[in-house]
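Every chain is numbered from 1, with letters handed out A, B, ... down the list of sequences.
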Amino acid sequence: MTEPNRLTPHGVPDHQPAAGGIAARARAAVTPQYLSGLNPEQREAVETLDGPVLVLAGAGTGKTRVLTCRIAHILSQGRARPGEILSVTFTNKAAREMKLRLGQMLGHAVEGMPWLGTFHSIAGRILRTHAELVQLKSNFTVLDVDDQIRLLKQLLQADNIDDKRWPARMLAGLIDGWKNRGLMPSQVPAGEAAVFGNGRGGKLYALYQERLKILNAADFGDLLLENIRLFREHPDVLRNYQNRFKFILVDEYQDTNVAQYLWLRLLAQAPSSSTSPRLRGEVELRSNSGEGDSPRVEPVERAPHPDPLPVREKIVAPASPPKNICCVGDDDQSIYGWRGAEVDNILRFDHDFPGAKVIRLERNYRSTGHILAAASHLIAHNEGRLGKTLRTEDVDGEKVTVTGAWDSEEEARAIGEEIEELQRAGHKLNDVAILVRASFQMREFEDRFVTLGLPYRVIGGPRFYERAEIRDALAYLRVINSPADDLAFERIVNVPKRGLGDATVQMLHDHARKRRIPLSEAARAVVETDELKPKARGALRDLIASFDRWRAQSEVTLHTELAEIVLDESGYTEMWQKDRSADAAGRLENLKELVRSMEEFENLQGFLEHISLVMDREGGAEDDAVSLMTLHSAKGLEFDNVFLPGWEEGLFPSQRTLDEQGRAGLEEERRLAHVGLTRARRRAKLYFATNRRIHGTWSTTIPSRFLDELPAHNVEITESKGGSGWGGSGGYGPSRFDNVEAFGSSYTTPGWQRAQANRARGQGGRGGGFDERQSPFSSGRGDTGGFSRTKRAPMTIEGELVAKSTGTTSEFSLDDRVFHQKFGYGRVVKIDGNKLTIAFEKAGEKKVVDSFVERV
DNA sequence: CGTCCATTAGTTTTT
DNA sequence: CTAATGGACG
């Protein structure tokens, strides 16, 4: 119906012929062609080159187009050369897409943008050029998560910390969190450092950093953090970059964490003459907290909303002309808060960059009216937002559908059938996506699709370079390239099996530590002694000889050939060829792919430097298949038909997020729902199941509150097409539980009984309706403020009761032994109306509402 | 040193 | 219920 309008909203030349470079075009017309296709707001965002600009770009409003056009504009106006534009994205995919689009727009006039890339790749690149200044060598290794954990395990062992009680994984998470917040070991608040390993968390962080330096390695967080340190300790280096970058562009600004923010801030400061007070401020800040364990002077109080750098306001004097920085983002699509992203960064942009111009892009070119209205109405329930109103000129289209299913199996069956129906109606499977909250939901769909013979592909999952076989292969190459890479050496010393087990490795470690030499060197020495059993000694000798041989060959052989030789001679390929398991063939295929991908790089060194940062596999999208992915990985994508299963309390919004992040968590979940809905161009279909198996046991669920928050006018309740259903009733709506009731007396499962009990206890006969303002189902419910609803199962946020059930006093008494679905068994220690404080045997003390526990 | 069984935990994910 | 990890045994 509206195809033409949707595809090229304003005749925007998405695939402009590459002919006649920008210069020609600029000369030819008053309005260059790349500008003529933009709407007024987009155009303003592109043409406002001076000073700070914040572009609030809602879903589907042409964000990437604005960014690329802006770059084209800067170049064609002669305001900067390609090498003077810093343009950062979060993912390689986004960076690649921008490069591609720029190429299309500019033809071959520009030989790439050297400073267009991800935060990490650009920071890493800067770091490599000045590695010595931060105690690294320019060929430092970027550790993957696996190496990181192994290194931490070693530290824990050396410190005699029970890694059962204090898992290395947890410490890795903490350190990552600190790095995300831009905190060096000395800056970690004492209280936080103490939570790990009986107060040794901070010390371990410091030890870990020390070890990294010895190993000539950096983890992902370091790429930014060490870069920040570099800039702070060496103002001359910083000034060099400040001068170089005339324009800074940032994509997905809502996802920046504190470290990225600080990094940007440093670069965005106006380049200053040598003795700028601002710069001195920066330096002093550093020298205060200095290296080693000098007393920490700078203030780091960071509650409740952490100010990344309290001294900041003094550092950046608003007086100086602000840098030309343009950040593009959408606060409503911030879904990575749990990973350290600070929505705050976008919310306070004009505070940080005084005089910033804020431009809103609100014209949506993607979705139909109903979908957009549903998404907008839903997200309007969030409090902490800058506020945008998306609008479309598209037709209303089909209403968003909500379908209830008996259980997750039926949900999968129903969606499967709908997809087949779409297929029969001539839709491409490539235009269909299923977006789930959590990956465990995918299984059911995969099972179903396999039965149906419906082609599908899973997006996301383990990344290419995270696969064991890829990391093993890389480890071999790393050892060849850098013999001191202990982590790599340790990884492959016994892969494939050579009879060099823990005992041998342990002894190598001892030796290496005593002599302060790398493992491979220790191995060389130990082989000369009789400390090892002849068998192990022989195996180790062979291995060392192999590495010597390969290293010699690497001087004269093409790196791709070398890789083949190594994989072959080490017996690694053979190991997988012998493997009879199902995925062995795929692994061999991946190894081939790895070798193929090496061709893009000059040499081994260059390949290794980039592999961990830019390697991601682009799965063959050639075949027509349904896409199956999490909501998170769907960001930035769009499909004609989007299925959104699992809209149930506890799953979506995720109870865990609510528990851990409270109100902010709920808002983030809601943004996730908003992202999900706005992925759809033509059809958005929501589902909830009444019963779902979680950790193997069935439990009854309640429709998501987000369903209630949809505007009734744009939503249609449909019947499950899955068959067995609930006796063909109207599905979701005021009557649906009644229907179930007639049906359900034959059910005797605990889950069913619990559902009955809950209903009887004044949760009402309705699990929900739509927003009452417009809801045809509403029956005088309370407010819609999100938290104090009455017909909703009580939910707790941060242990606080956010939804009251009835006002009656509790039927529980002190010391009662109770059972809670989530927390298990416990004892009542305090009663406050219907709020109980219970000491759970496993989960500790929690405040819960009485209707969620039963006496046992 | 390697294999097999038991125990345990169990969102979201980029770089 | 499953996948992954760790400990005990051969």
Have a look at [X] and say if it touches a base, only the backbone sugar-phosphate, or nothing, with a 4.0 Å heavy-atom cut-off.
X         : result
Glu252(A) : nothing
Thr630(A) : sugar-phosphate
Glu669(A) : base

For this session: Could you tell me whether Arg448(A) sits above the aromatic face of Phe445(A), with NZ or CZ closer than 6.0 angstrom to the six-membered ring centre and within 45 degrees of the axis?
Result: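 The answer is no; the distance or angle limit is not met.
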
Side-chain donor/acceptor of [X] to backbone N/O of [Y], under 3.5 Å:
X         : Y         : result
Asn494(A) : Lys497(A) : no
Arg679(A) : Glu638(A) : no
Asp330(A) : Asp332(A) : yes

For this session: Using the side-chain hydrogen bond (donor to acceptor under 3.5 Å, both in side chains) rule, take Asp219(A) and Tyr208(A) through it: C-alpha gap first, then chi angles, then the decisive distance, then the call.
Result: CA-CA 11 Å; Asp219(A) 63 21; Tyr208(A) 171 69; 2.9 Å; yes

How close or far is atom [atom2] of [N] from atom [atom1] of [X], stated in whole angstroms?
X         : N       : atom1 : atom2 : answer
Leu631(A) : dT12(B) : CG    : P     : 11 Å
Phe464(A) : dT14(B) : CZ    : P     : 15 Å
Asp255(A) : dT14(B) : CG    : C1'   : 10 Å
Arg671(A) : dT13(B) : CZ    : C1'   : 16 Å
Ile611(A) : dT15(B) : CD1   : P     : 13 Å
Asp146(A) : dT15(B) : CG    : C1'   : 15 Å
Lys179(A) : dT15(B) : NZ    : P     : 18 Å
Gln655(A) : dG10(B) : CD    : P     : 16 Å

Problem set entry | Whichever of Asp176(A) and Ser654(A) has its nearest DNA chain B nucleotide further upstream toward 5' |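 Counting from the 5' end, the first nearest nucleotide belongs to Ser654(A).
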
Exercise. Does the side-chain ring of Phe220(A) lie flat on the base of dT14(B), meaning centres under 5.5 Å and planes less than 30 degrees apart?
Worked result: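 Phe220(A) vs dT14(B): stacking no.
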
Problem set entry | Aromatic plane relationship, Tyr572(A) with Trp576(A) - under 30° parallel, 30 to 60° tilted, over 60° perpendicular |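 Ring orientation, 0 to 90° scale: perpendicular.
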
For this session: Give the ring-plane orientation class for His610(A) versus Phe601(A), where under 30° counts as parallel, over 60° as perpendicular and anything between as tilted.
Result: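 Ring orientation, 0 to 90° scale: parallel.
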
Exercise. Looking only at side-chain N and O atoms, does Ser439(A) come under 4.0 Å of OP1 or OP2 in dT12(B)?
Worked result: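 Ser439(A) to dT12(B) OP1/OP2: side-chain N or O found under 4.0 Å.
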
Exercise. Do any of residues 497-505 of chain A sit with a heavy atom less than 4.0 Å from DNA chain B, and if so which?
Worked result: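 Within residues 497-505 of chain A, the residues near DNA chain B are Lys497(A), Gly499(A), Leu500(A), Gly501(A), Asp502(A), Ala503(A), Thr504(A).
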
Problem set entry | Salt-bridge present (Arg413(A), Glu410(A); N to O < 4.0 Å) |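 Not counted as a salt bridge, because no side-chain N and carboxylate O are separated by less than 4.0 Å.
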
Exercise. Considering only the P atoms, how many Å lie between dT5(C) and dT12(B), rounded to the nearest integer?
Worked result: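 Going atom to atom, P in each nucleotide, I get 16 Å.
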
For this session: Please state the P separation for the pair dA4(C) and dT13(B) - nearest whole angstrom.
Result: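 After rounding to an integer number of Å, I get 16 Å for this pair.
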
Exercise. Which one of Thr701(A), Asp407(A), Thr700(A) satisfies the side-chain hydrogen bond (donor to acceptor under 3.5 Å, both in side chains) criterion with Asn691(A)?
Worked result: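 Result for side-chain hydrogen bond (donor to acceptor under 3.5 Å, both in side chains) with Asn691(A): Thr700(A).
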
Problem set entry | Derivation of the side chain to side chain contact (heavy atoms under 4.5 Å, CB included) call for Gln254(A) and Glu342(A) | CA-CA 7 Å; Gln254(A) 79 281 356; Glu342(A) 289 272 337; over 6 Å; no

For this session: Consider the side chain of Asn494(A), meaning its heavy atoms from C-beta on, and name the nucleotide among dT13(B), dT12(B), dG2(B) that approaches it most closely.
Result: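 Of the candidates, dG2(B) comes closest.
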
Problem set entry | Closest listed nucleotide, where the reference is the side chain of Asn92(A) and the choices are dT13(B), dT12(B), dT15(B) |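 Selected nucleotide: dT15(B).
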
Seminar exercise, completed: Protein heavy-atom contacts under 4.0 Å, written 5' to 3' over nucleotides 1-10 of chain C as B (base), S (sugar-phosphate only) or - (none), form the string B-S--S----

